[in-house]
Amino acid sequence: MFRPENAFEKIVSLSKRRGFIFQSSEIYGGLGSTWDYGPLGVELKNNVKKAWWQGVVYGREDMEGLDAAIIMNRLVWQYSGHEKTFVDPLVDCKKCRKRFRADHIKGDKCPECGGELTEPRNFNGMFQTHVGPVQDDSGLAYLRPETAQGIFTNFLNVLQSMRRKLPFGIAQIGKSFRNEITPGNFTFRTREFEQMEIEYFCKPPQYLQPGEKTDDQLHQEWVEARYNWYLKLGLSPERLRKRPQAKEELAHYAKACVDLEYLFPGSLGWSELEGVANRQDYDLTAHSNNVPEADLARLKLNRNEHSTEKMEYFDEAWTDPATGKKGVKYIPYVIEPSAGADRATLAFLCEAYEEEQLSRPDEAAIKPLSDSIDAALKNIQKRIAEAAKRPGDEVPNGQQLAAMEKALLSAKEDLPGKLLEIDAACSLPGADRLDLLKKVKLIAGKLGDEHTRAVLKLHPRLAPIKVAVLPLKKNEPRIVEMGKKIKNDLSGHFRAVYDDTAGIGKLYRRQDEVGTPFCLTVDFQSLEDGTVTLRDRDTMQQERVRTEDLIQVIGRKIV
RNA sequence: GCGGGUGUAGUUCAGUGGUAGAACGUCAGCUUCCCAAGCUGAAUAUUGUGGGUUCGAUUCCCAUCACCCGCUCCA
């Protein structure tokens with residue numbers, strides 16, 4: 001098993017080649033930072049969303065689902081604070097050309113070089129549109145920049161229609177839109193993206209009954225629940241971490257926030273998949289009328305002049321210790337686990353991508369490769385010596401050359417077994433400028449085709465295709481017929497495909513590369529006794545299974 | 001938006017001031033009883049887009065768009 005340095009690039013190209021993710025509007029030159037999910041991508045992302053919904057809605061007693069509109073009354077964004085605070089005032093340094101957020105720097109000079117700054121330019125991250133026939137401000141609306149507000153504005157509807165008591169939560173999956181200044185990194189930061197958000201409503205600390213969990217405890221429980229969800233679906237604990245935000249990072253209304261970060265390959269590195277925040281009573285108060293001055297001041301909110309409701313919960317269990325009066329109305333606290341569906345999908349893809357060498361070329365086949373490596377090494381060592389004499393900005397520079405030398409020397413120790421390492425060494429920064437290394441890459445690549453595989457070790461629940469039916473001999477009509485029948489029978493239960501357009505080895509590699517966990521082959525024995533072989537993607541081990549048991553056997557393995 | 005890089009078949013890459021090649025992949029046929037086997041044949045690029053220089057540009061120049069790396073960002 002091998003995870004190359006340039007895995008991210010390989011995943012991008014695999015995504016295109018095998019139908020996971022395409023650049024959007026590609027035939028017109030694309031549109032910045034928009035991506036389309038292809039036939040396998042949509043299956044993968046749907047499976048991620050299904051697993052999330054299963055985990056946070058069906059798998060719990062205290063959750064409801066929701067699907068709110070993308071375009072909402074403009075007042076929602078006025079009172080949520082997005083019209084004001086979603087604006088980033090930006091300034092550029094005229095001297096060193098660095099860019100800063102105006103509200104993050106003190107004074108009017110560049111904090112880096114002391115140069116003069118441009119006037120702040122305001123940039124609202126919300127996409128605008130107009131509702132109705134008249135394109136003026138009366139119809140101004142926004143595409144939602146987060147799904148959360150649809151949950152807050154429906155709080156009372158869900159509370160009443162589902163007869164809920166605190167604590168309970170509402171989950172929603174849907175598209176959101178932000179006119180990011182700097183998108184990038186494939187589908188990691190895009191202007192149109194899909195969120196999986198939860199607002200979990202709970203009692204403020206002063207109204208808790210003995211034995212009930214505090215907002216802090218519930219917050220912590222959600223952090224653990226969400227962290228474990230990613231682990232269960234395959235992310236490695238070495239590449240997933242909980243990062244509590246520092247006090248300075250927190251929004252003024254947030255009591256705490258823990259980011260779940262994944263270590264993506266390449267320059268992306270540790271990046272956020274999900275934030276789990278304790279937002280206290282800020283959001284529901286913001287959308288409420290008749291809020292007492294003291295609460296507005298505490299949360300730094302303006303009075304809401306438009307809302308027709310107060311987002312209150314009537315708690316009949318509570319008794320006022322001073323008066324003995326039963327029942328009290330208050331605005332609940334909220335814990336917000338907010339995840340990115342595209343980011344989760346990308347993380348699962350990155351985690352799943354592996355390369356493996358399955359066999360070793362013999363000595364005769366290795367000879368040209370080892371010769372070409374020796375020649376390349378000689379050349380690299382010569383360049384290292386030259387670079388030491390006159391250090392400059394040349395590519396590759398001394399450091400890059402040293403990295404190539406090290407990688408090649410290490411791979412050389414066990415050449416027949418390190419084809420993947422050789423290929424990776426030839427993909428290091430600057431390596432494409434060395435002709436001798438390009439030659440090595442060519443030779444290693446040829447051997448690699450024969451002796452290695454790329455495999456997506458996706459959790460079976462996430463895999464776009466669950467099972468592929470492969471006939472061992474396609475010019476034997478009885479085998480083909482049986483294979484197609486099995487595929488049809490399975491299709492009612494799992495996403496299944498039938499493929500007979502290549503030799504068995506190539507068919508396996510195809511399915512490996514898109515993460516299909518199970519392949520089954522139909523052979524002559526199948527005709528005799530009604531069994532087929534079931535091959536495991538990760539171990540490549542096979543077992544014989546009776547066709548009538550397939551649904552049960554595969555079903556058990558997929559859960 | 002600023003600085004650096006890139007843009008040639010599905011993918012990875014080559015190449016030249018006289019209108020493009022390879023490998024892999026894909027498709028069809030034959031063959032094949034288990035891990036990218038073989039044989040035969042085929043399709044696929046107005047060289048990101050738009051201008052300019054030139055008798056002629058994919059190759060030179062300009063603009064634009066997209067992607068990658070930084071600045072930024074927090075799903």
Side-chain angles (χ1 to χ4, degrees), chain A residues 8-10 12-14 16-19 22-34 88 90-94 96-101 104 112 118 121 123 125 145-148 176 178 180-186 188-190 193-197 243 245 249 251 257 259-261 266-268 271-275 277 336-344 358-359 393 395 427 429 432 435 438 441-442 445-446 448-454 470-476 479 501-513 519 521-526 533 535 540 542:
Chain A
F8 204 78
E9 294 156 47
K10 292 195 169 188
V12 173
S13 115
L14 185 146
K16 167 99 193 266
R17 199 157 34 83
R18 302 257 93 142
F22 308 127
Q23 177 160 31
S24 189
S25 327
E26 195 181 14
I27 61 165
Y28 291 111
L31 174 66
S33 155
T34 52
D88 292 331
L90 299 171
V91 293
D92 292 297
C93 174
K94 290 177 177 170
C96 68
R97 300 199 174 278
K98 287 240 163 74
R99 159 168 294 188
F100 308 94
R101 275 181 58 170
H104 283 186
E112 293 271 322
T118 60
R121 297 179 302 105
F123 183 88
E146 61 174 33
T147 59
S176 292
R178 295 182 192 174
E180 298 283 349
I181 307 161
T182 311
N185 284 311
F186 199 36
F188 183 80
R189 178 172 286 107
T190 55
F193 60 103
E194 195 153 20
Q195 294 185 299
M196 305 187 291
E197 289 199 297
R243 194 185 67 83
Q245 283 194 8
E249 284 181 89
C257 183
D259 287 344
L260 300 180
E261 296 185 331
S267 63
L268 194 47
S271 298
E272 184 187 349
L273 295 181
E274 172 160 357
E336 180 188 77
S338 173
D342 308 277
R343 290 184 176 183
L358 301 173
S359 56
D393 296 334
V395 177
S427 304
D432 57 339
D435 286 343
K438 286 201 286 205
K441 191 181 167 80
L442 205 69
K446 279 232 195 278
D449 281 342
E450 204 179 328
H451 298 280
T452 67
R453 69 166 180 168
L470 315 173
L472 212 49
K473 197 169 157 69
K474 77 167 167 190
N475 57 2
E476 170 52 61
I479 288 183
T501 57
I504 189 68
K506 187 182 284 189
L507 295 178
Y508 282 147
R509 303 296 166 92
R510 266 186 202 159
Q511 296 302 328
D512 288 343
E513 207 181 18
C519 290
T521 55
V522 183
D523 55 17
F524 281 114
Q525 191 183 331
S526 310
T533 66
R535 177 245 196 200
M540 303 201 297
Q542 300 181 30

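Below, chains carry the letters A, B, ... as their sequence lines are ordered, and counting in each starts from 1.
- OP1 or OP2 of B/G25 sits under 4.0 Å from a side-chain N or O of A/Lys506.
- Within the nucleic acid shown, A/Gln542 comes within 4.0 Å of at least one base atom, counting heavy atoms only.
- Within the 4.0 angstrom heavy-atom criterion, base atoms lie near A/Arg343.
- Shown here, B/A14 forms no base pair; nothing in the strands shown gives a Watson-Crick or G-U wobble contact with both key distances under 3.5 Å.
- Contacts of A/Gly503 with the nucleic acid, taken as non-hydrogen atoms under 4.0 Å apart, are absent.
- Judged by distance alone with a 3.5 Å cut-off, no donor-acceptor contact links the side chain of A/Asn475 to the base of B/C30.
- The residue A/Leu273 sits close only to the backbone: its heavy atoms come under 4.0 Å of sugar-phosphate atoms, none of a base.
- Residue-level contact check: A/Glu26 touches neither bases nor backbone, having no heavy atom under 4.0 Å from any strand.
- Stacking of A/Phe193 onto the six-membered ring of B/A75 is present: less than 5.5 angstrom between centres, less than 30° between planes.
- In this structure, B/A43 forms no base pair with any nucleotide, since neither Watson-Crick nor G-U wobble geometry is met with both distances under 3.5 Å.
- The residue A/Glu146 sits apart from the nucleic acid: no heavy atom pair falls under 4.0 Å.
- Pair assignment for B/C30: B/G38, on the basis of Watson-Crick or G-U wobble contacts that are both within less than 3.5 Å.
- Phosphate proximity of B/A36 to A/Arg509: present, with a side-chain N or O under 4.0 Å from OP1 or OP2.
- Using the Watson-Crick or G-U wobble rule with both distances under 3.5 Å, B/G56 pairs with nothing in any strand shown.
- Across all strands shown, B/A20 remains unpaired; no Watson-Crick or G-U wobble contact has both distances below 3.5 Å.
- Phosphate proximity of B/U11 to A/Ser13: absent, as no side-chain N or O sits under 4.0 Å from OP1 or OP2.
- For the pair A/Lys16 and B/G10, the criterion of a side-chain N or O lying under 4.0 Å from OP1 or OP2 is not met.
- The partner of B/A9 cannot be assigned: no Watson-Crick or G-U wobble pair with both contacts below 3.5 Å exists in any strand.
- A donor-acceptor contact under 3.5 angstrom links the side-chain atoms of A/Tyr508 to the base of B/C34.
- At a threshold of 4.0 angstrom between heavy atoms, the contacts of A/Ser176 with the nucleic acid are absent.
- Residue A/Arg510 has no polar side-chain atom (N or O) positioned under 4.0 Å from OP1 or OP2 of B/A36.
- Annotation: of the two residues near RNA chain B, A/Ser338 and A/Ser267, the 5′-most nearest-nucleotide partner is A/Ser267.
- Between the side chain of A/Glu197 and the backbone N or O of A/Thr147 there is at least one donor-acceptor pair closer than 3.5 Å.
- In this structure, A/Asn185 reaches the sugar-phosphate backbone alone: every heavy-atom distance under 4.0 Å involves primed, P, OP1 or OP2 atoms, never a base.
- Nucleotide B/U64 forms a pair with B/G48, judged by Watson-Crick or G-U wobble geometry with both contacts under 3.5 Å.
- No hydrogens or angles were tested; on distance alone, a donor-acceptor pair under 3.5 Å links the side chain of A/Thr521 to the base of B/C34.
- The interatomic distance linking A/Ile27 (CD1) with B/U46 (P) rounds to 12 Å, in whole Å.
- The closest donor-acceptor contact from the side chain of A/Gln23 to the backbone of A/Gly30 lies at 3.5 Å or more, if one exists at all.
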